[in-house]
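All heavy atoms count here, side chains included; hydrogens, waters and symmetry mates do not.
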Amino acid sequence: MMMPYRAMLAATLATIVVATPSATAQRRIAVIAAGNEQALSVGKTVISRPFGAQLVDRLAIVGSYPSGRATYHLVRGDAAGPCPSRFVVVATGLGGAPAASEPFGTCAGQARAAMNRGGFVVSMPATAAGGPPVRFAWENGKMRLIDAMPAATVAGDDGEPGFAARQASTCRTPTSADPGTQAAVIADFESSYPAEFRRSSSLKRVEIAPDELRATVTGLACLARWPGAEAIVPEAATPLFASKRYGPAAFRTVETIARDPNSDTNLRAAVRAFGAEMLYRVDRREPL
């Protein structure tokens, strides 16, 4: 996993009033009117101005994601201006009153959230205009940026640098990690590899940007070399490479990386081997 970069603006914490409700009640969240503004109702608790000092025109509940006794509610705040959308996460059931994170995001309005072995994770495009996906993870009451870095080449409408998914310049040698780390990396892949990439029906509907596809192919090729991943990764990747919509582009990406003189030798070798494996697997089945 790549080191996170702190790129979020400071914001005032949300004001929480009223007593803490029961754990069952805290799983319910709604947008309510509070004078001339909107607020959040979590059971009997009211969170006024959940985006603190950042003014928003409209609140929307993206979804609620239970995990044991805790529930994570993803809330979007929309406003006019160069950054049309931001997000906060309201966590309940962690002991005490509901807790709202500081506002976070890339100004993109679309976000997907999921619970995996690493906890609660939210992904969204790198800028309001699109770009490769970046992820934020819940950690001690905050949403921190993971697997991404500031990127001047990915800019928003205001010209400010956006964020880009890290792309490997080489493949990490499997032997550089102990068996426990190797197992953890593979387990993380199995839990976090997008479910919509695993099914032909969803691949017909999902949008995969070229830079996201390149990052995905590169990551798959590198991980496929790891002990224990030789069969798991190609099997998971087969629907993507066999799809009529993205398969040809995936194989072109393999060819591009394999022939790129600026790519590291280890990376080119990994991509060539992975491409050959995927070609063998796809040739054994009809395109999806």
Side-chain angles (χ1 to χ4, degrees), residues 1-3 112 114 116-118 121 123 132-135 146-149 164-203 206 208-288:
M1 304 295 286
M2 302 300 180
M3 294 296 292
R112 294 184 295 180
N116 59 36
R117 296 182 184 182
V121 176
S123 63
V134 298
R135 299 191 303 165
I146 59 175
D147 296 339
M149 60 182 296
R166 279 185 174 269
Q167 295 186 6
S169 59
T170 187
C171 288
R172 181 181 177 186
T173 306
T175 54
S176 66
D178 59 77
T181 300
Q182 293 176 9
V185 169
I186 296 171
D188 180 71
F189 165 77
E190 291 191 277
S191 64
S192 62
Y193 186 66
E196 57 267 34
F197 291 7
R198 297 175 181 265
R199 297 189 299 271
S200 59
S201 57
S202 55
L203 278 166
V206 69
I208 307 176
D211 42 12
E212 179 181 1
L213 184 63
R214 181 184 175 96
T216 298
V217 169
T218 302
L220 290 168
C222 289
L223 185 58
R225 304 174 70 193
W226 285 53
E230 304 96 326
I232 293 174
V233 172
E235 182 178 352
T238 296
L240 177 65
F241 279 81
S243 70
K244 290 182 178 180
R245 185 176 185 184
Y246 293 112
F251 279 110
R252 284 197 300 271
T253 300
V254 167
E255 186 71 13
T256 298
I257 297 173
R259 292 177 177 272
D260 183 1
N262 294 320
S263 294
D264 179 81
T265 302
N266 289 333
L267 176 59
R268 294 204 304 268
V271 168
R272 288 194 190 97
F274 183 68
E277 174 67 18
M278 297 317 302
L279 185 62
Y280 170 73
R281 287 174 176 263
V282 170
D283 279 348
R284 291 164 46 193
R285 60 190 293 173
E286 292 293 328
L288 303 177

Distance in Å, [X] [atom1] paired with [Y] [atom2], rounded so as to fall on 0.5 Å steps:
{"X": "Y246", "Y": "F197", "atom1": "OH", "atom2": "CZ", "value": "8.0 Å"}
{"X": "L213", "Y": "L240", "atom1": "CG", "atom2": "CG", "value": "6.0 Å"}
{"X": "S200", "Y": "K244", "atom1": "OG", "atom2": "NZ", "value": "11.0 Å"}

For [X] and [Y], work out which heavy atoms get closest and say how close.
{"X": "A195", "Y": "S202", "value": "O-OG, 4.2 Å"}
{"X": "A258", "Y": "R272", "value": "O-NH2, 3.0 Å"}
{"X": "C222", "Y": "L267", "value": "SG-CD1, 3.8 Å"}

From CA spacing to verdict: side chain to side chain contact (heavy atoms under 4.5 Å, CB included), V254, M278: CA-CA 10 Å; V254 167; M278 297 317 302; over 6 Å; no

Qualifying residues under side chain to side chain contact (heavy atoms under 4.5 Å, CB included), relative to E235, sequence neighbours excluded: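 In terms of side chain to side chain contact (heavy atoms under 4.5 Å, CB included), with neighbours along the sequence ignored, E235 is linked to R281.
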
Residues that V233 engages under side chain to side chain contact (heavy atoms under 4.5 Å, CB included), provided they are two or more places apart: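 V233: side chain to side chain contact (heavy atoms under 4.5 Å, CB included) contacts with F189, L220, L223, A224, A229, F274.
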
Step-by-step side chain to side chain contact (heavy atoms under 4.5 Å, CB included) determination, E190 to I232: CA-CA 8 Å; E190 291 191 277; I232 293 174; 3.9 Å; yes

Side chain to side chain contact (heavy atoms under 4.5 Å, CB included) assessment of E255 paired with D260: CA-CA 9 Å; E255 186 71 13; D260 183 1; over 6 Å; no

Side chain to side chain, I257 and R214, heavy atoms closer than 4.5 Å: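 They are in contact (side-chain heavy atoms under 4.5 Å apart), so the answer is yes.
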
Working for side chain to side chain contact (heavy atoms under 4.5 Å, CB included), residues V206 and I208: CA-CA 6 Å; V206 69; I208 307 176; 4.1 Å; yes

Sidechain-backbone polar pair: R135 side chain, I146 backbone, donor-acceptor under 3.5 Å: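 Such a contact is absent between R135 side chain and I146 backbone.
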
